[in-house]
Amino acid sequence: MNRLRALLVLIQAGYLNKVRTYRFLIVLGLTIIAGYVFVPAPTANYVTLGWGSSTTFYRGTYDSAWIGAMVALLTSSFLSLTGFYVVNDSVRRDEETRVGQIIATTPLSNSVYTLGNTLSNFMVLSTMNAIIFLTSIGMQLVRGEDLTINLWAMIAPFVGLVLPLMFLVSAVAVMFETRPRLKGGAGNVAYVFIWMFSLPILSESIDLFGINAILSSMSAAGLARYPELAHNSFILGYGWGFPVGRALATFTWQGIQWTSQLLQTRLLLVGAATGISLLSSVGFSRFDPAREGRKAHEAPLDILDVKEADIPPVIQSMQVQLRPLHDKESHFLFRSMLLAECRLILGESRDLPFLGMYGSSVAGALIIMGLFLPLEQARGMMLPLAWLLPVLIWSKLGTREVRYRTDQLVFSSAKALQRQLPAVWMAGVLLALVTGGGVAVNMALKGEWPGVIAWGVGALFIPSLALCLGIWTGSSKSFEFIYSLLWYIGPINQVEALDFMGAVPESVKAGIWQYYLFISLALIILAFIGRRWQIQRG
Amino acid sequence: MLLKLQIEDVSKSYKGSDFYALHEVTLDVGPGILGLLGPNGAGKSTLMRIIATITKPTRGTIKWNGVDTAKEPDKIRSVLGYLPQDFGVYPNLNADEFLRYMAAIKGVEPRAAKERIEDLLAFVNLLEARKRPLGDYSGGMKQRIGIAQALINDPKILIVDEPTVGLDTEGRVRFRHLLAELATDRVVILSTHIVSDIEATANDIAIIDRGRLLVRLPPEELLLSVQGKVWDWVIPSAGLADAKQRHLISSVVPHGDGLHTRVVAETSPADDARPSSSPTLEEAYLYRISSHRRVGDG
């Protein structure tokens, strides 16, 4: 009984902690907007679910069954990625607020703690799911193709398809937080890639989103009405560029057939989530820093053994005299500030997962390979890799002062905005110039000057984006998420418009870098405005 | 060099609240130590943050050498040393690196900074631990790094908020000596709720409670003001609970003839109570706070 009560209290506290934040309200707002755009108007130039040719678009009538299933499918993909970042700070919050140390001294078991956090995460994501569901009802009425609300047909996909997946995301978030190597920035970046790579595999093998089951029944209903539908391409997600005057062909779909196989898959997800949640409790450090691999591995015994008693009492020697500073010794030097920021960056990198000495060796190897490999491989492969490695360093730009509570020390210094912030940004730019330097020299030696310019703009863009997001969101998470997505879709998948570093020759030719130069300037201005506000808000 | 801080009618309330963390506080501060004394939540830290230009006052002005700090904050920031009550450090930097960072921010020339850091690390006795990451420091050691960073630019105005938290007795004594030495040609404002931190060193003591400045006097005048309001009273052990309910008792010492108590009150608590010949600063402080609260609570 006590255990159950502890679990309920944990769920409630975790839930309230998250929903009473601006971040939750912002994501909720975005979720409502998403619910709106998931159900496009017949005249919109984009579609989200159906079959289309250049002249005709086929889809189900906007009734409860179709809208419910369509929005649920899109919500699954949307929230399975973004939802992770909404909820993955339960354990971290307990750690940072030191509440964790109090929790650690209570009889609460690790398994109840991790399960409680999983369930509170699940409650948060379920709340968002419920809001989208309500938006869907509104959208059926707004679109007005069928005004009869069939509550079961509408709600079933949300309950049966989305919720089990949200439970899995909640459990994975807690698991990431309890593994020293995956918590924080490393986990934020890793999740994007896990999501992108495992999505197609899991969709195919276990029908993770329930897409296959639903689509085959939708397809059957469509084909029965329009046999030519077999020759049209299927669209799920955002399909843009549809002519406004295209013909629309609709058919009625009866809703999801809840086969035993479909139900089994959903139950499998719930079971997997429960298992992951309980597994998270195994090896959980229980807020004991000495139990985290990093400290035990890296810190020599004498550091772990530092106690107040080891260090003689403060200010022991009366002979120590503080020599006064003369006026000429007090004048600001930008290079000193820049050097100090670079030291701070390097100091931090010692402790970051995948960085430190191994990271520096890899960065060095990437610089050398970027210098000597053929141009195509150097900029198409080495440059993106060289500029992925420091992502956890860039992501701290603009967030350190608040995160480490040094803001009062820094912001009460003279001209912090004009002196410290440019140095922070410049340190980030220098990091990009050094890590991507091999490729730049390679391009310069081969006379590929447009590529060098695009590379230079990339070196400005990355720290500008990091600094702006860091200052405005107060967290490194937003940059880690957005940059990883951008990096994967742009330079790696060669989507020209998103190639911010000049990794794709076509994007360099098209002068995409000019847009990123402009965006970089805008981001820098926004960063300055944000920091000014931080300093002046009182 | 002119060193003058003028705090004029400063009030601070927070958005959406009628509660005033500070209410019409006026103080003129020159070289020497001003001790800000008050219970937790009295508004001391708010006043310190406003002077340090971290927080803006809702009303009123603060002038450093005649310049409004809200309009030209850099005038005071360039000569300020500030130790907040609640501050953090970069856990992956060591003491050397952190102080070099703060020196760069405060515009201390690198060579001068190097010497200054040597002095300060020796002074706060962290030379041996200078290469260890700050994340591994104990609370007291972090506090010492805080003290060192506040002094890194040889400030003309030093604001220290509860600086002795986490320090041992010897450390507190030494720190008081340092402040006394620095205060000969600097403005030092020290906030604390521990009376002994300031009684020997402060030139003036300002008592703050519930956001209001109650009194600002030199320690000796503060002591005089409580003369005849502290009483020595011997009571039986069984009467202590009742006496505590009815009077403000500053100390209790058990003796063979009963409990020797000291009562802070306008009038004698009992016929057998005798006026004390040596009131303490702590009793003067208790007297001011209790009088203010009695009036405030009506």
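First the proteins, then the strands, lettered A, B, ... as listed; each starts at 1.
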Legend entry - Under 4.5 Å from a heavy atom of chain A, the part of B:R49 involved: side chain
Legend entry - Contact residues of residues 81-90 of chain B (partner chain A; heavy-atom separation under 4.5 angstrom): B:Y82, B:P84, B:D86, B:F87, B:G88, B:V89, B:Y90
Inset, instruction - Check side chain to side chain contact (heavy atoms under 4.5 Å, CB included) between B:V173 and all other residues, then give those that pass, not counting sequence neighbours. - result: B:R176, B:H177
Legend entry - Toward chain A, the part of B:Q149 with a non-hydrogen atom under 4.5 Å: side chain
Legend entry - Minimum-distance pair of heavy atoms, taken over all atoms of B:A52 and A:S412: O-CB, 3.6 Å
Inset, instruction - Could you have a look at B:T169, B:D154, B:T53 and say which one has the most heavy-atom pairs with chain A under 4.5 angstrom? - result: B:D154
Legend entry - CE on B:M102 to OG1 on A:T406, rounded to 0.5 Å: 7.5 Å
Legend entry - Top of A:R400, A:M337, A:Q408, A:R335 for chain B proximity - count of heavy-atom pairs under 4.5 angstrom: A:Q408
Legend entry - Heavy-atom pair with the smallest gap, counting every atom of B:D74 and A:K415: OD1-N, 2.9 Å
Inset, instruction - Would you check, one step at a time, whether the test side-chain contact (heavy atoms from CB on, under 4.5 Å) holds for A:L409 with B:F98? - result: CA-CA 12 Å; A:L409 307 181; B:F98 181 67; 4.0 Å; yes
Inset, instruction - Report, as yes or no, whether the 6.0 Å neighbourhood of atom CZ on A:R532 holds more than 12 heavy atoms from other residues, nucleotides or ligands. - result: no
Inset, instruction - Go through the atoms of B:L151 and report whether side chain, backbone, both or neither lie under 4.5 Å from a heavy atom of chain A. - result: side chain
Legend entry - Under 4.5 Å from a heavy atom of chain A, the part of B:L121 involved: neither
Legend entry - Part of B:L80 within contact of chain A (heavy atom distance under 4.5 Å): side chain
Legend entry - Gap separating the CG atom of B:L93 from the CG atom of A:L344, nearest 0.5 angstrom: 5.0 Å
Legend entry - Over 12 non-hydrogen atoms of neighbours within 6.0 angstrom of NZ in B:K114: no
Inset, instruction - Count the heavy atoms belonging to other residues, nucleotides or ligands that lie under 6.0 Å from NZ of B:K75, then report whether that count exceeds 12. - result: no
Legend entry - B:R77 and A:F411, any side-chain heavy atoms less than 4.5 Å apart: no
Legend entry - Heavy-atom pairs under 4.5 Å with chain B, option from A:A416, A:S413, A:A423 with the top count: A:S413
Legend entry - B:Y101 side, atom OH; A:C342 side, atom SG - distance, nearest 0.5 Å: 11.0 Å
